[in-house]
Amino acid sequence: MTLNPLPDNWSDRLRIAADVLKDVTPDELRVDQPFYDELTLVLTEYRLSDAAFAAVASTVPNPPDWAQLSAAVHASTPNALLLHIHGWLAQARWIDTPLVRVHAQGLLEPALRRLAAHVSDLDITPVKDD
């Protein structure tokens, strides 16, 4: 599976990821390491600006509140949603494939679709490869 068949447009890649996820079970996501890695790369192409991070950081629990995933996906501002997603990814130090946990609750696809729909509303900067 590949998420990069279109030109460099982040919202398109997020939508493609959501389209792929609708047909992928949590177990399939867990074992398809290349897809999981590519999904992680797509989600971390951009980060919040320092000002946006400061504005929403107090509203996003760290570590994530796994019992409140639905609120994170459906009730957050777009900037807060991106910070939630990055918080989920950061848990990979302690939890194997944390996005699977979100996908198992049926919330990863809607999170990606919501983020894709609001890319223009995000206060983000590209992450530079060193």
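Every value quoted in this text rests on a predicted model; they were computed, and no experiment measured them.
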Close side-chain approach of V20 to L39, heavy-atom, < 4.5 Å: no

Student check: side-chain heavy atoms of L108 and L29 closer than 4.5 Å: yes

Minimum-distance pair of heavy atoms, taken over all atoms of A72 and S76: O-OG, 2.7 Å

Spacing of CG belonging to L83 relative to OG1 belonging to T59, to within rounding of 0.5 Å: 7.0 Å

Non-hydrogen side-chain atoms of K22 and R113 separated by less than 4.5 Å: yes

Heavy-atom closest pair, residues L69 and Q105: CD1-NE2, 3.5 Å

W10 side chain near L115 side chain, heavy-atom distance below 4.5 Å: yes

Taking every non-hydrogen atom, the tightest pair across D50 and R47: OD1-NH1, 3.4 Å

Student check: side-chain heavy atoms of F53 and V60 closer than 4.5 Å: no

4.5 Å side-chain heavy-atom contact, H74 and L107: yes

4.5 Å side-chain heavy-atom contact, V102 and W66: yes

Point-to-point distance, once rounded to the nearest 0.5 Å, from CG of N9 to CD1 of I16: 9.0 Å

Nearest-0.5 Å distance, NE2 of residue H103 to OG1 of residue T25: 6.5 Å

Any side-chain heavy-atom pair of V24 and D32 under 4.5 Å: no

D123 side chain vs N79 backbone, donor-acceptor pair below 3.5 Å: no

Any donor-acceptor pair under 3.5 Å from H86 side chain to L43 backbone: yes

Less than 3.5 Å apart, which donor and acceptor atoms pair up between the side chains of residues 87-100 and the rest of the protein, not counting sequence neighbours?
none

Interatomic spacing from CD in E109 to CG in L14 - rounded to 0.5 Å: 12.5 Å

